[in-house]
Structure formats: C-alpha cells, structure tokens
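Worksheet for the structure shown next.
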Amino acid sequence: MSTPATAAPQWTLVIHGGAGVIERARMTPEKDRETRAALERALAAGSALLDKGGSAVDAVEAAVQVLEDDPNFNAGRGAVFTYEGTNELDAAIMSGKDRAAGAVAGVTRTRHPVSLARKVMEDSPHVFLAGKGADTFSAEQKLEQVDPSWFATPERKRQLEELKSKQVGWFDVDMKYGTVGAVARDSDGHVAAATSTGGITGKRWGRIGDAPVIGAGTYADDRACAVSATGSGEFFIREGVAHEICTRVRFAGEPLQKAADTVMAEVKALGGSGGVIVTGPKGDMAWSFNTPGMYRGVVTAGGKPKVAIYGDED
Ligand code: ASP
C-alpha cells in the first residue's frame with residue numbers, strides 16, 4: 001500500500017532577522033517579546049498577500065519592509081553605523097520565475113531599501129546600483145525618502161562607540177548579525193527572495209557585504225529554491241552561499257535541508273558564521289545556522305505562524 005502523498009502547501013513564507021550569539025542569558029524578556037512580535041508582524045504582512053493569491057515577490061518585499069521599520073533589526077531604521085557614524089544600507093530582491101533581480105548598496109535616504117532594489121529590478125535596465133547614483137534613482141522613482149537621521153538609533157551608536165573603544169578588530173566581536181530577509185513560494189509555484197541590511201558595525205571604505213550580492217546573500221530560481229542569508233558577509237560572498245545551495249538542489253537533487261546544512265558547514269570551515277532560510281517550488285522549507293541563535297519564522301497556507309530565536313527551539 002502506498003502512503004498518500006502529503007499535499008504541498010499552497011504557499012510558504014520564511015523570514016529571518018539575523019543570526020549570531022543570541023542566547024537566553026543575553027536577552028531581556030522585553031527584547032525577546034519585541035522581536036518575536038516583530039517577526040509575527042512580518043509574517044502577517046507577507047501572508048496577507050499570499051492568501052489573496054499575491055506573488056512571492058510581493059510577499060518577500062512586504063515582510064522585509066516590516067522588519068526594516070523595526071529598530072530591533074539591522075536594516076532600515078536601526079541599521080548599524082559605519083566607522084564614520086553614518087548608516088549605509090544594502091538590499092536585494094530576486095524573482096525565481098524569470099531570475100529577474102535588483103540590488104542596491106550604500107544607500108542613505110530610502111525608507112525601504114528592499115523597495116528600491118525592486119525598482120532596480122523592475123524599472124531599470126540594471127541589476128545593481130550603489131551609493132549616490134542609487135540614492136538619485138530612488139528619488140527619481142519617487143520612493144519614500146527620509147532624512148538619514150531616520151535610520152539612526154542610540155543603541156546602534158553605542159555599539160559603534162563600544163567597537164571603537166575596544167579596538168579589537170574589524171568587526172563586531174559578539175557576532176550579532178541583524179540583517180533581515182524573506183523567502184516565499186506563492187500559489188502559482190514561483191519562489192522569491194529578499195534581503196536587507198545595514199551591514200556590519202564600523203564598516204569602512206564603502207564595504208559591501210553579501211546581502212545585496214546576487215548569488216551570495218540572496219538568490220531565487222524556480223528550478224531550485226530561494227535563499228536569503230545573514231552572517232559574516234565576506235565568507236558568504238567567497239562561498240557564493242545562496243547560489244551554491246540552489247546549485248546543489250538543482251543538479252544534485254539534494255533536499256533543501258541537506259543543501260543548506262552542507263553549504264553552511266563549508267562557510268564554517270572557511271571561518272564564517274551565520275545562517276540561511278530556504279524555500280522551494282514545492283513549498284518545502286529549511287533553515288540552517290552555525291551560530292547559537294537566529295531570529296526566524298515560518299508560515300504556510302492555512303497553518304499557524306511559528307517564530308523562534310534560540311538554537312534549541314524547533
Ligand atoms: N551579512 C551582513 C553583511 O555582511 C551582515 C548581517 O547579516 O547582519 O553585511
């Protein structure tokens with residue numbers, strides 16, 4: 001007798017809000033509550049669209065916008081500071097249907113960098129814009145502009161000052177990555193991915209991480225899967241994490257979890273840390289991280305949203 005196949009969910013949405021040394025002992029109950037509530041709001045925003053038959057691209061943009069507005073995460077408002085004391089934002093979005101992609105790096109005035117990435121994808125002949133030019137394009141496209149002070153929070157300023165006073169190295173030694181991202185599979189069977197970040201505290205010289213680099217921090221291909229990453233960007237770029245996961249799924253036929261775990265182990269072997277979220281065209285999903293925790297959440301059509309923070313939560 002054959003086992004009846006489990007019906008694939010009509011749609012799937014998975015989100016992350018960064019990975020790192022996130023442990024119960026280091027979290028206040030308030031911060032725990034606030035971040036879970038924000039993850040739930042992001043899942044609700046994306047689900048509302050997917051429930052109405054909306055596209056995976058619409059859903060990942062909507063989910064990421066919610067987290068960009070929340071000062072608890074390192075994206076949009078609450079982004080980390082550069083060495084010079086400014087906020088420079090990176091974001092990317094990709095549609096698995098046609099592998100259209102858009103990305104921006106070092107932008108300073110767009111309230112929702114993920115929406116600017118989407119404009120690059122849909123309303124420009126390009127894939128990747130950076131710095132002043134990207135800011136100009138954003139204003140020309142009439143996206144919501146804010147004063148750069150909108151992004152700055154006292155806590156992120158304090159983190160920069162702490163990093164400078166310790167003078168221990170290039171990066172945040174606590175390895176707290178607060179990048180946000182979403183992957184979705186819609187009811188038409190298409191996947192999409194989006195990622196948005198302020199990068200790494202104390203970044204200099206126009207440093208760009210993996211988040212906006214198509215194939216590193218963000219990738220989507222209906223023939224394989226959609227991936228959004230968070231972590232030590234330099235290692236994710238060198239590994240080509242998001243594309244590498246999709247390649248294993250596409251050519252080796254690996255299940256999402258195996259592909260994600262294998263690639264994250266390779267990142268670790270290089271010396272990198274962080275995590276990924278993945279969904280495939282059948283609505284299957286996976287997350288994988290080599291840090292103590294990762295802010296994360298998932299919801300499927302008709303299901304109950306689930307959010308988690310620590311490594312020991314399922
Ligand atoms: N991956 C991001 C970067 O390297 C940082 C993060 O995930 O928080 O810019």
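There is a side-chain donor-acceptor pair under 3.5 Å between Glu61 and Ser115. Between the side chains of Asp135 and Thr108, at least one donor N or O lies within less than 3.5 Å of an accepting N or O. Ser95 and His190 share no donor-acceptor pair across their side chains, judged by distance under 3.5 Å alone. With 3.5 Å as the limit, one finds no donor-acceptor pair spanning the side chains of Gln65 and Asp69. For the 3.5 Å distance criterion, the side chains of Thr300 and Thr12 fail to qualify, holding no donor opposite an acceptor. No side-chain N or O of Asp90 forms a donor-acceptor pair with one of Thr197 less than 3.5 Å apart.
Between the side chain of Thr28 and the backbone N or O of Lys31, at least one donor-acceptor pair lies under 3.5 Å. The backbone N or O of Gly199 sits less than 3.5 Å from a side-chain atom of Asn74, completing a donor-acceptor pair. Asn290 places a side-chain N or O within donor-acceptor distance of the main-chain N or O of Gly274, the cut-off being under 3.5 Å. Side chain of Gln257 to backbone of Trp287: a donor-acceptor contact under 3.5 angstrom is found. Remark: side-chain polar atoms of Ser47 are paired, donor with acceptor, to backbone N or O of Leu43 under 3.5 angstrom. Formation of a donor-acceptor pair under 3.5 Å by the Asp186 side chain with backbone atoms of Ala56 is found in this model. Looking only at distances, a side-chain donor or acceptor of Thr279 sits under 3.5 Å from a matching main-chain atom of Asp284.
Heavy atoms from other residues, nucleotides or ligands lying under 6.0 Å from CD of Glu84 number more than 12.
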Taking it one step at a time, do Arg207 and Glu234 satisfy salt bridge (Lys or Arg N to Asp or Glu O under 4.0 Å)?
-> CA-CA 10 Å; Arg207 179 265 185 195; Glu234 281 69 11; 2.8 Å; yes
Evaluate side-chain hydrogen bond (donor to acceptor under 3.5 Å, both in side chains) for Ser288 paired with Asp261, printing each intermediate quantity in order.
-> CA-CA 6 Å; Ser288 181; Asp261 289 347; 2.7 Å; yes
Derivation and outcome, salt bridge (Lys or Arg N to Asp or Glu O under 4.0 Å), residues Glu122 and Arg118 | CA-CA 6 Å; Glu122 292 177 347; Arg118 185 168 182 178; 3.1 Å; yes
What do the steps show when you test Val107 against Glu88 for side-chain contact (heavy atoms from CB on, under 4.5 Å), and what is the final call?
-> CA-CA 5 Å; Val107 299; Glu88 293 179 3; over 6 Å; no
Any chance you could lay out the side-chain contact (heavy atoms from CB on, under 4.5 Å) test for Leu270 and Arg238, step after step, and finish with the verdict?
-> CA-CA 9 Å; Leu270 289 178; Arg238 287 166 53 198; 3.9 Å; yes
Chi angles and distances behind the salt bridge (Lys or Arg N to Asp or Glu O under 4.0 Å) call for Arg223, Asp221 = CA-CA 5 Å; Arg223 300 168 303 180; Asp221 181 347; 2.9 Å; yes
Run the side-chain contact (heavy atoms from CB on, under 4.5 Å) check on Arg77 and Glu68 step by step: do they pass?
-> CA-CA 6 Å; Arg77 188 147 178 262; Glu68 285 178 337; over 6 Å; no
Does the side-chain contact (heavy atoms from CB on, under 4.5 Å) test come out yes or no for Thr35 and Phe73, once each step is laid out?
-> CA-CA 8 Å; Thr35 48; Phe73 301 93; 4.2 Å; yes
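By the 4.5 Å heavy-atom criterion applied to side chains, Lys268 and Met264 are not counted as neighbours. Thr218 places none of its side-chain heavy atoms less than 4.5 Å from the side chain of Val227. Taking 4.5 Å as the limit, every side-chain heavy atom of Met121 sits out of range of all side-chain heavy atoms of Met94. You'll find the side chain of Ser196 stays beyond 4.5 Å of the side chain of Leu67, heavy atoms only. Looking only at side-chain heavy atoms (C-beta outward), Val120 and Val127 stay at 4.5 Å or farther from each other. By the 4.5 Å heavy-atom criterion applied to side chains, Leu143 and Gln145 are counted as neighbours. Using a 4.5 Å cut-off on side-chain heavy atoms (C-beta onward), Arg24 and Tyr310 make contact. With contacts defined as side-chain heavy-atom distances shorter than 4.5 Å, the pair Thr201/Glu162 does not qualify.
Of all the heavy atoms in Ser273 and Val267, the pair that sits closest is N-CG1, 4.2 Å. Shortest non-hydrogen contact noted between Asp147 and Arg109 is CA-NH1, 4.3 Å. Across all non-hydrogen atoms, the minimal contact from Tyr83 to Arg204 is CB-CG, 3.2 Å. Minimum interatomic distance between Tyr219 and Ala193 (heavy atoms only, all atoms of both residues): O-CB, 3.5 Å. Closest approach of Ala192 to Val57, counting heavy atoms only: CB-N, 3.6 Å. When all heavy atoms of Ala134 and Val104 are compared, the closest pair comes out as CB-CG1, 4.4 Å.
Between Asp58 atom CG and Lys52 atom NZ the span is 9.0 Å, to the nearest 0.5 Å. To the nearest 0.5 Å, the span separating OG on Ser187 from CG on Asp51 amounts to 9.0 Å. Atoms CG and CG, from Leu129 and Leu116 in turn, are 7.0 Å apart once rounded to the nearest 0.5 Å. The CZ atom of Arg248 sits 4.0 Å away from atom CD of Glu254, with the distance rounded to the nearest 0.5 Å. For the atom pair CD1 of Ile277 and NE2 of His16, the computed distance is 4.5 Å after rounding to the nearest 0.5 Å. For the atom pair OG (Ser138) and CZ (Arg111), the distance works out to 13.0 Å, reported to the nearest 0.5 Å.
Between Lys97 and Asp188 there is no salt bridge, since none of the side-chain N atoms of the basic residue sits less than 4.0 Å from a carboxylate O of the acidic one. A salt bridge does not link Glu161 with Arg158: every distance from a Lys NZ or Arg NE/NH1/NH2 to an Asp or Glu carboxylate oxygen is 4.0 Å or more. The existence of a salt bridge linking Glu313 and Arg296 is excluded, since no basic side-chain nitrogen approaches an acidic carboxylate oxygen closer than 4.0 Å.
Partners of Ala194 by side-chain contact (heavy atoms from CB on, under 4.5 Å), not counting sequence neighbours, listed by chain and number: Val60, Val64, Ile93, Val114.
Linking Ile, Leu, Val, Met, Phe, Trp and Tyr residues whenever their side-chain heavy atoms come within less than 4.5 Å places Ile309 and Val299 in a single cluster. Placement of Val183 and Met285 within a single hydrophobic cluster is found when ILVMFWY residues are connected by side-chain heavy-atom separations under 4.5 Å, directly or transitively. One hydrophobic cluster, built from ILVMFWY side chains closer than 4.5 Å, holds both Val307 and Ile15. Tracing side-chain contacts under 4.5 Å through hydrophobic residues (I, L, V, M, F, W, Y), one reaches Met294 starting from Val14; they form part of the same cluster. Linking Ile, Leu, Val, Met, Phe, Trp and Tyr whenever their side-chain heavy atoms come within less than 4.5 Å puts Phe235 and Val241 in one cluster.
The list of ring pair (Phe, Tyr, Trp, His ring centres under 6.0 Å) pairs with a residue in residues 121-155, not counting sequence neighbours, is empty.
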